[in-house]
A.B. asks: 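One structure is given below, represented as structure tokens, and several questions about it will come after.
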Amino acid sequence: MTEKIKVVIAGVRGKMGKEAVKLMQNTPHFEMVGAIDHRNNGKTLSQLNGFMGLNVPIYSNLDHCFNDTQPDVLIDLTIPETGYIHAKTALLNHVRPVVGTTGFSQEQLVELKELAEERNLGAIIAPNFAIGAILMMKFSQMAAKYFDDVEIIEMHHDQKLDAPSGTGLKTAQMITNQRTPKRQGHLNEKETIQGARGADVDGMKIHSVRLPGLVAHQQVMFGGEGQMFTIRHDSFDRTSFMSGVQVCVETIMKIDTLVYGLENILD
Ligand SMILES: NC(=O)C1=CN([C@@H]2O[C@H](COP(=O)(O)OP(=O)(O)OC[C@H]3O[C@@H](n4cnc5c(N)ncnc54)[C@H](OP(=O)(O)O)[C@@H]3O)[C@@H](O)[C@H]2O)C=CC1
Ligand SMILES: O=C(O)C1=N[C@H](C(=O)O)C[C@H](O)C1
């Protein structure tokens, strides 16, 4: 019998955290050994609303949690500043981080990659766990070879902290690998209200929409002579992310470097 993968989840009370806990319960080869929650140190999950019967210890301090529970993997679903500290602390404790939290800087990604490689540990930072979103990004990268003019519109719920979204930023980076930098729009274009034309990556634009009712949506629009090509993905429910989380937890046990983006580990 293969051994179970022992997992700690940070951000358990959050929208993504709750789904990740269900994934643990429904996956026989995963075992949730601890939870990180800055408000409920010392309790067990079963003492919180919505986690009936789950006798999992809660910690606010990662070092204590790792020392007591000896996990293989940390899944982080918190906020940008905390997610970065959690990923770093995990690697320093020989625990492999699967990070869904978005909003990391380029410097933070480089630092975590160096740390993972120094320690020969797997680490995955996945701006989007949904397979449809990965395909949207890959197809956008393909299309960018033929269209230089592109605008990314990412749309999320209004509780989101980071803008642009991790997915929007990753899409722009993937397109940049194919597209010759080009300043889009009219040469003399002027914003009469700052920000009207969106964020700029090598002359391509990213627009962030935040509205109640949305979950996670993105469309990538390519314009050419007399034509428009639009690639769109919608996550209507956070269950859409969970098969990707599962693949990450399984894969991270077999790699010894940091992978940024699920597209790099899917067959
Ligand atoms: N990669 C992907 O596919 C996806 C990534 N995300 C990302 O995942 C992250 C979480 O999203 P979501 O679940 O919607 O957000 P929520 O706001 O619903 O959940 C965040 C959770 O993190 C907790 N938290 C905040 N600070 C700390 C801390 N210092 N220590 C421990 N826990 C902390 C919050 O607790 P409290 O409420 O008490 O502050 C809350 O329970 C975001 O960065 C989001 O962008 C989201 C969806 C998909
Ligand atoms: O905050 C969210 O909700 C999401 N965050 C990720 C992102 O920033 O791209 C993934 C998904 O879009 C949902």
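One-based numbering, in listed order, for ligands and for the atoms of each.
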A.B. asks: Would you please classify the geometry between the Tyr84 ring and the Phe104 ring as parallel, tilted or perpendicular, with 30° and 60° separating the classes?
C.D. replies: perpendicular
A.B. asks: Test of understanding: given a 4.0 Å heavy-atom threshold, classify the contact between Ser60 and ligand 1 as side chain, backbone, both, or neither.
C.D. replies: neither
A.B. asks: Atom 47 (C) of ligand 1: which of His156, Gln159, Lys15, Met16 has the nearest heavy atom?
C.D. replies: Met16
A.B. asks: If every non-hydrogen atom of Val33 is compared with every non-hydrogen atom of Val8, which pair is closest and at what distance?
C.D. replies: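 Result for this residue pair: CG2-CG2, 3.9 Å.
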A.B. asks: What's the shortest heavy-atom distance between Arg210 and Asp162, and which atoms?
C.D. replies: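 Heavy-atom minimum between the residues: NH2-O, 3.1 Å.
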A.B. asks: Is Ile79 in polar range of ligand 1, meaning some N or O pair under 3.5 Å apart?
C.D. replies: no
A.B. asks: Check whether any N or O atom of Pro80, backbone or side chain, sits under 3.5 Å from an N or O atom of ligand 1, and answer yes or no.
C.D. replies: no
A.B. asks: Can we say Asp202 and Lys182 salt-bridge, meaning some charged N sits less than 4.0 Å from an Asp/Glu carboxylate O?
C.D. replies: no
A.B. asks: Could you go through residues 255-263 and list every donor-acceptor pair under 3.5 Å that involves a side-chain atom there, pairing it with any protein atom two or more places apart or in another chain?
C.D. replies:
unit_1, atom_1, unit_2, atom_2, d
Thr257, OG1, Glu117, OE2, 2.7
Tyr260, OH, Gln173, OE1, 3.3
Glu263, OE2, Lys170, NZ, 2.4

A.B. asks: Pull out every atom of ligand 1 sitting under 4.0 Å from any heavy atom of Phe241, numbered as shown with elements.
C.D. replies: 3 (O), 47 (C), 48 (C)
A.B. asks: Asn128 heavy atoms, cut-off 4.0 Å: which ligand 1 atoms fall inside?
C.D. replies: 1 (N), 2 (C), 3 (O)
A.B. asks: Which pairs, with at least one residue in residues 186-196 and sequence neighbours excluded, count as a side chain to side chain donor-acceptor pair (under 3.5 Å)?
C.D. replies: Glu189-Arg197
A.B. asks: Show every donor-acceptor pair shorter than 3.5 Å between a side-chain atom in residues 90-100 and any protein atom, with sequence neighbours excluded, or say none if there are none.
C.D. replies:
unit_1, atom_1, unit_2, atom_2, d
Asn93, ND2, Asp63, OD1, 3.0
Asn93, ND2, Thr89, O, 2.8

A.B. asks: Considering Lys160, Arg13, Glu19, His38 one by one, which has a heavy atom nearer to atom 27 (C) of ligand 1 than any of the others?
C.D. replies: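 It is His38 whose heavy atom sits nearest to atom 27 (C) of ligand 1.
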A.B. asks: For the 3.5 Å polar cut-off, considering only N or O atoms, please tell me whether Pro127 and ligand 1 meet it.
C.D. replies: yes
A.B. asks: Side-chain contact test, heavy atoms from C-beta onward, threshold under 4.5 Å: evaluate it for His233 versus Leu135 and give yes or no.
C.D. replies: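 When only atoms from C-beta onward are counted, Leu135 and His233 do not touch, as no gap falls below 4.5 Å.
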A.B. asks: Among all protein heavy atoms in this structure, tell me which lies nearest to atom 22 (O) of ligand 1, with the distance rounded to 0.1 Å.
C.D. replies: Thr78 CA, 3.4 Å
A.B. asks: Using a 4.0 Å cut-off on heavy atoms, what residues surround ligand 2? Order them by chain and number.
C.D. replies: Thr102, Pro127, Asn128, His156, His157, Lys160, Asp162, Ser165, Gly166, Thr167, Ala216, Phe241
A.B. asks: When you measure from the side chain of Asn41 to the backbone of Ser60, do you find a donor-acceptor pair of N or O atoms at a distance under 3.5 Å?
C.D. replies: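 Side chain of Asn41 to backbone of Ser60: a pair is present.
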A.B. asks: Among all the protein's non-hydrogen atoms, which is closest to atom 19 (O) of ligand 1, and how far away is it?
C.D. replies: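 For atom 19 (O) of ligand 1, the nearest protein heavy atom is Gly14 CA, 3.2 Å.
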A.B. asks: What distance separates Leu23 CG from Ser243 OG, expressed to the nearest 0.5 Å?
C.D. replies: 9.0 Å
A.B. asks: Between Val12, Leu45, Leu48, which is the residue that forms a side-chain contact (heavy atoms from CB on, under 4.5 Å) with Asn40?
C.D. replies: Leu48
A.B. asks: Which residue holds the protein heavy atom closest to atom 28 (C) of ligand 1, what is that atom called, and what is the gap in Å?
C.D. replies: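 Minimum-distance protein heavy atom for atom 28 (C) of ligand 1 reads Thr82 CG2, 3.4 Å.
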A.B. asks: Ignoring angles and geometry beyond distance, decide whether Arg39 reaches within less than 3.5 Å of ligand 1 through its nitrogen or oxygen atoms.
C.D. replies: yes
A.B. asks: I need the atoms of ligand 1 closer than 4.0 Å to a non-hydrogen atom of Thr102, numbered in the order shown.
C.D. replies: 43 (O), 44 (C), 45 (O)
A.B. asks: For ligand 1, which part of Ala10 has a heavy atom less than 4.0 Å away: the side chain, the backbone, both, or neither?
C.D. replies: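 For Ala10, no heavy atom sits under 4.0 Å from ligand 1.
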A.B. asks: According to a 4.5 Å side-chain heavy-atom criterion applied to Ile, Leu, Val, Met, Phe, Trp and Tyr, with indirect links allowed, do Ile85 and Ile75 form part of one hydrophobic cluster?
C.D. replies: no
A.B. asks: Side chains of Glu154 and Thr167: do they bring a donor and an acceptor to under 3.5 Å?
C.D. replies: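 No, Thr167 and Glu154 have no side-chain donor paired with an acceptor closer than 3.5 Å.
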A.B. asks: Identify the protein heavy atom lying closest to atom 7 (C) of ligand 1, giving its residue, its atom name and the separation to 0.1 Å.
C.D. replies: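 Among all protein heavy atoms, the one nearest atom 7 (C) of ligand 1 is Gly100 O, 3.5 Å.
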